[in-house]
Amino acid sequence: MDIKTVGIVGAGQMGNGIAHVMSLSGYDVMLNDVSKDAVQAGLAVIDRNLERQVSREKITADEKAMAMARISPVLALPDLGQCDLVIEAATERETVKQAIFEDLVPHLKPNTILTSNTSSISITRLASRTDRPEKFMGFHFMNPVPVMKLVELIRGIATDAETFEACKAVVDKLGKTAATAEDFPAFIVNRILMPMINEAVYTLYEGVGSVSSIDSSLKLGANHPMGPLELADFIGLDTCLAIMNVLHDGLADTKYRPCPLLTKYVEAGWLGRKTQRGFYDYRGEVPVPTR
Ligand code: NAD
């Protein structure tokens, strides 16, 4: 199946990153979010990130202009009906995603492939509530999308081979590498990464270390490019908590219980970089630990 037009639902940090790489690779992109302001904010981030690539001579000014011209803002889900592939990248909440698919599905072409960028929710369950479980799969990009090379491709129980191959061809065209994961909670990357982040929050909660000592320990002691708390802020603490809840519920093992301190930060609305405060406060010149 030849994919030319890609619809993206959600213009947040993942959605705008996906739109960025898709348009640079020549796909026509339709970008949707809940409001005009949210779509415009996504477009502004794409513009800024493409400009940075121009200034670093990774792309030319013409390539940037062509990429921006290939992205159309879309305010109503039915307008994504003619897309060949739709990637849902809205907030990590099952009810939100389900409502999107319910609104979208009646307007899609019969052969449109429907995918979700979910970090953890069951692909099989999301698929079963659509009219096309065989044309549904997980298309999981990593953050920041323009930089990270991996895309996890997750087959639901009903996903057919043609759908998988079409998505794999898109990953190849983007110049990224696909890893195939089975549809179990949080797939591969987050099944391993999130318990580590959660354990770092427990280490902070129990007073074993401060934010700085925990992050320095993993950077200097385990050669991680970012400390786990810095990384949690980067991902979004709401997203981290949502993934831990999916692991906890889906695998029914207490070793995945979310740290109460992580819950507390989310309750405070301190969600990390996107709200300027999380384990670090980003409102000044340099990030300052909040504990
Ligand atoms: P985000 O909060 O930055 O963006 C979510 C966007 O979805 C917001 O702009 C919001 O307005 C929009 N949205 C909410 N409801 C919507 C609706 N009904 N219709 C259209 N848009 C809607 O979150 P994010 O980090 O971009 O995460 C998005 C998805 O990507 C989640 O499923 C998350 O698990 C997944 N993901 C996140 C990361 C990460 O590191 N943050 C990595 C891989 C995958």
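Note that ligands are numbered from 1 as they come in the structure, with each ligand's atoms numbered from 1 the same way. We count residues from 1, following the sequence as given. Since we're looking at a predicted model, the values are computed, not measured.
Within 6.0 Å of CG on Leu75 lie more than 12 heavy atoms contributed by other residues, nucleotides or ligands. Within 6.0 Å of atom CD in Glu57, 12 or fewer heavy atoms from other residues, nucleotides or ligands are found, so the atom counts as exposed in its surroundings. Around atom NZ of Lys58, no more than 12 heavy atoms belonging to other residues, nucleotides or ligands sit under 6.0 Å away. Asp253 CG: more than 12 foreign heavy atoms inside a 6.0 Å radius. In the displayed structure, Tyr202 atom OH is contacted under 6.0 Å by more than 12 heavy atoms of other residues, nucleotides or ligands.
Residue contacts with ligand 1, taken as heavy atom pairs separated by less than 4.0 Å, involve Thr239 solely via side-chain atoms from C-beta onward. Proximity of Ile100 to ligand 1, defined as any heavy-atom pair under 4.0 Å, is confined to the side chain (atoms from C-beta onward).
A salt bridge between Arg129 and Glu94 is present, with a side-chain N of the basic residue lying under 4.0 Å from a carboxylate O of the acidic one. Salt-bridge formation is detected for the pair Lys109/Asp84: a Lys NZ or Arg NE/NH1/NH2 atom is positioned less than 4.0 Å from an Asp or Glu carboxylate oxygen. By the 4.0 Å N-to-carboxylate-O rule, Arg48 lies too far from Glu51 to be salt-bridged with it. For Asp233 and Arg277, the salt-bridge test fails: no basic side-chain N is under 4.0 Å from an acidic carboxylate O.
At the top of the distance list for atom 30 (O) of ligand 1, counting protein heavy atoms only, stands Asn117 ND2, 2.9 Å. Looking only at heavy atoms of the protein, atom 10 (C) of ligand 1 is closest to Asp33 OD1, 3.5 Å. At the shortest separation from atom 14 (C) of ligand 1 among protein heavy atoms lies Thr91 OG1, 3.2 Å. Of the protein's non-hydrogen atoms, Val34 CG1, 3.4 Å is the one closest to atom 16 (C) of ligand 1. When hydrogens are left out, the protein atom nearest atom 23 (O) of ligand 1 is Lys274 NZ, 4.1 Å; that is the closest non-hydrogen contact. Of all protein heavy atoms, the one lying nearest to atom 31 (C) of ligand 1 is Ala90 O, 3.2 Å. Among protein heavy atoms, the minimum distance from atom 37 (C) of ligand 1 is reached at Met14 CG, 3.3 Å. With respect to atom 20 (C) of ligand 1, the closest heavy atom belonging to the protein is Asn32 OD1, 3.4 Å.
For the pair Arg132 and Thr163, the minimum side-chain heavy-atom distance is 4.5 Å or more. Contact of the Tyr27 side chain with the Leu174 side chain is registered, since non-hydrogen atoms from C-beta on lie closer than 4.5 Å. Ile46 is listed as a side-chain neighbour of Met68, based on a closest heavy-atom distance under 4.5 Å.
Within the listing of ligand 1, atoms 42 (C), 43 (C), 44 (C) sit less than 4.0 angstrom from a heavy atom of Phe141. Close approach of ligand 1 to Lys97 is summarised as follows: ligand atoms under 4.0 Å from at least one heavy atom of the residue are 31 (C), 32 (O). Below 4.0 Å from some heavy atom of Asn143 lie the following atoms of ligand 1, by number and element: 39 (C), 40 (O), 41 (N). Of all atoms in ligand 1, listed by their number and element, those nearer than 4.0 Å to a heavy atom of Gly12 are 3 (O), 4 (O), 6 (C), 9 (O), 26 (O). Set against the non-hydrogen atoms of Glu92, the atoms of ligand 1 under 4.0 Å away are 31 (C), 32 (O), 33 (C), 34 (O). With ligand atoms numbered from 1 in the order given, ligand 1 contributes 43 (C), 44 (C) to contacts under 4.0 Å with heavy atoms of His140. Interface atoms of ligand 1 facing Val96, defined by a heavy-atom separation under 4.0 Å, are 15 (N). Close contacts of ligand 1 with Thr118, meaning ligand atoms under 4.0 Å from a residue heavy atom, involve 32 (O).
Comparing Ser120, Cys240, Ser119 by heavy-atom distance to atom 33 (C) of ligand 1, the nearest is Ser119.
When atom types are taken as modelled, the side chain of Gln13 and the backbone of Ile235 share a donor-acceptor pair closer than 3.5 angstrom. Between the side chain of Glu152 and the main chain of Ile188, a donor-acceptor pair closer than 3.5 Å is present. Ser25 places no side-chain N or O within 3.5 Å of a backbone atom of Met22 that could act as its donor or acceptor partner.
No N or O atom of Val9 sits closer than 3.5 Å to an N or O atom of ligand 1. For ligand 1, the polar-atom distance check against Ile235 finds a nitrogen or oxygen pair separated by under 3.5 Å. The shortest N/O to N/O separation between Gln13 and ligand 1 falls below 3.5 Å. The distance criterion of under 3.5 Å between nitrogen or oxygen atoms is not met by Glu88 with respect to ligand 1.
Within the structure, ligand 1 lacks Met142 among the residues with a heavy atom less than 4.0 angstrom away. At least one heavy atom of Ala89 sits less than 4.0 Å from an atom of ligand 1.
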